[in-house]
S.K.: 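I'd like to ask some things about the structure below.
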Amino acid sequence: MDIRIFPSAESASHSLARRIARLIDFKRSEGKAAVLGLATGKSPLFLYAELVRMHREEGLSFGNVVTFNLDEYHGIGREDPRSYWSFMHRSLFDLVDIPPENVHMPEGMIFREEIDAFCHGYEEKIRTAGGIDLQILGIGRTGHIGFNEPGAGRDSRTNLVRLDELTRSDASREFGGMENVPLNAITMGCGTILEARSIALMAWGEGKADVVAAAFGGEVSDRVPASYLQEHPAAAVYLDERAAILVGRGSRGKESCFEG
Ligand code: F6R
């Protein structure tokens with residue numbers, strides 16, 4: 001497993017931001033779009049802030065970037081400040097020059113009977129875009145990637161899932177109480193995620209140390225869906241020192257070149 005340990009979440013995020021900038025520029029030089037899979041939550045906040053800074057101060061353009069977000073709460077509308085749609089626009093999309101039509105996110109306000117068609121359509125859009133060049137991930141304390149909770153199959157596709165109670169409790173502060181946290185979400189499946197040509201998972205702080213060790217220091221198991229990344233040919237795990245205390249030391253803060 002390619003595990004990269006950095007002194008801080010900021011330094012790790014800056015390294016990943018530079019990698020993304022190289023990918024965007026490389027794809028532009030080929031006249032192509034860079035297709036990014038994106039995550040929400042606390043883990044990517046430094047990454048998005050750095051990408052915004054690079055856009056403002058270094059002229060990094062998102063004109064040739066196409067994005068697909070991992071997930072969205074079911075029953076939460078786009079305008080709701082707690083929606084992932086709002087989060088992504090606040091943290092990145094409204095602050096850079098990405099064409100709005102290049103942004104794709106699962107739709108939270110959707111009737112049950114429309115969900116299958118929506119999920120098939122989402123997968124089709126990823127295929128039409130040529131597949132995901134680089135998928136950004138966080139990891140939940142349950143071991144989830146996207147919202148693929150323990151038990152999710154390696155080949156699962158974009159679908160409606162039930163959120164684990166630990167995941168709901170971790171979200172309860174944003175929702176002003178557990179009773180307000182949605183029960184379900186639409187998420188890319190593990191199979192969808194693993195089809196990305198490269199993957200970068202971020203985890204910060206001692207609160208993630210146990211799950212990081214379970215995912216990347218142990219066996220591959222559906223009890224910890226993030227462990228499927230061990231079988232991906234180009235998955236890298238970006239950790240700060242506190243998240244890494246229980247896993248074996250990998251290369252320390254190594255800069256990567258853009259793979260493929
Ligand atoms: C978010 C997502 C989740 C989070 C994970 C970690 O789009 O898919 O898997 O990445 O729950 O969340 P944070 O970063 O808030 O600890």
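For ligands, and for the atoms within them, numbers begin at 1 and follow the listed sequence. Worth saying up front: this structure is predicted, and the values here are computed from it rather than measured.
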S.K.: Within a distance under 4.0 Å of any heavy atom of Gly146, pick out the atoms of ligand 1 and give their elements.
M.R.: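 This gives 2 (C), 3 (C), 8 (O), 9 (O) as the contact atoms.
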S.K.: Quick one, Glu50 with Ser13, criterion side-chain hydrogen bond (donor to acceptor under 3.5 Å, both in side chains). Give me CA distance, side-chain angles, the key distance, then yes/no.
M.R.: CA-CA 8 Å; Glu50 178 64 3; Ser13 302; over 6 Å; no
S.K.: Would you say the side chains of Tyr238 and Arg4 form a donor-acceptor pair under 3.5 Å?
M.R.: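 Arg4 and Tyr238 do have a side-chain donor-acceptor pair below 3.5 Å.
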S.K.: In terms of residue, atom name and distance, what is the protein heavy atom nearest to atom 2 (C) of ligand 1?
M.R.: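 Ranked first by proximity to atom 2 (C) of ligand 1 is Asp71 OD2, 3.2 Å.
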S.K.: Should the ring pair Tyr122 and Phe68 be called parallel, tilted or perpendicular, given that the plane angle runs from 0 to 90° and is split at 30 and 60?
M.R.: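 Tyr122 vs Phe68 ring planes: perpendicular.
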S.K.: Do the charged groups of Glu206 and Arg242 touch, with an N to O distance under 4.0 Å?
M.R.: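 Result for this pair is yes, salt bridge flagged.
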S.K.: For ligand 1, which atoms have a heavy atom of Leu70 less than 4.0 angstrom away?
M.R.: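 With Leu70 as reference, the close atoms of ligand 1 come out as 8 (O).
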S.K.: Looking only at protein heavy atoms, which one is nearest to atom 15 (O) of ligand 1, and how far off is it?
M.R.: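 It is Lys42 N, 2.8 Å.
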S.K.: Side chain, backbone, both or neither: which part of Thr40 comes within less than 4.0 Å of ligand 1 when only heavy atoms are counted?
M.R.: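 It is both backbone and side chain that touch ligand 1.
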S.K.: Taking 4.0 angstrom as the limit, do Lys27 and Asp133 come out as a salt bridge?
M.R.: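 Yes, this pair counts.
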S.K.: Among Ala39, Pro106, Gly41, Ser43, which one puts a heavy atom closest to atom 14 (O) of ligand 1?
M.R.: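 Checking each option, the heavy atom nearest atom 14 (O) of ligand 1 is found in Ser43.
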S.K.: Judged by modelled atom types alone, do Ser8 and Ser11 share a side-chain donor-acceptor pair under 3.5 Å?
M.R.: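 Yes, because at least one side-chain N or O of Ser8 sits under 3.5 Å from a partner of the opposite role on Ser11.
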S.K.: Side chain, backbone, both or neither: which part of Ile139 comes within less than 4.0 Å of ligand 1 when only heavy atoms are counted?
M.R.: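 Ile139 to ligand 1: backbone contact only, side chain stays beyond 4.0 Å.
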S.K.: Return the option from Lys208, Arg141, Met188 holding the heavy atom at the smallest distance from atom 12 (O) of ligand 1.
M.R.: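 Result: the heavy atom closest to atom 12 (O) of ligand 1 is in Lys208.
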S.K.: Starting from atom 10 (O) of ligand 1, find the nearest protein heavy-atom neighbour and note its residue, name and distance.
M.R.: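 Among all protein heavy atoms, the one nearest atom 10 (O) of ligand 1 is Gly138 CA, 3.3 Å.
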S.K.: On the 0 to 90° scale, with breaks at 30° and 60°, tag the Phe62-His55 ring pair as parallel, tilted or perpendicular.
M.R.: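 Perpendicular.
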S.K.: Please state which option from Glu174, Glu72, Met105, His144 has its nearest heavy atom closest to atom 5 (C) of ligand 1.
M.R.: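 When every heavy atom of Glu174, Glu72, Met105, His144 is considered, His144 comes closest to atom 5 (C) of ligand 1.
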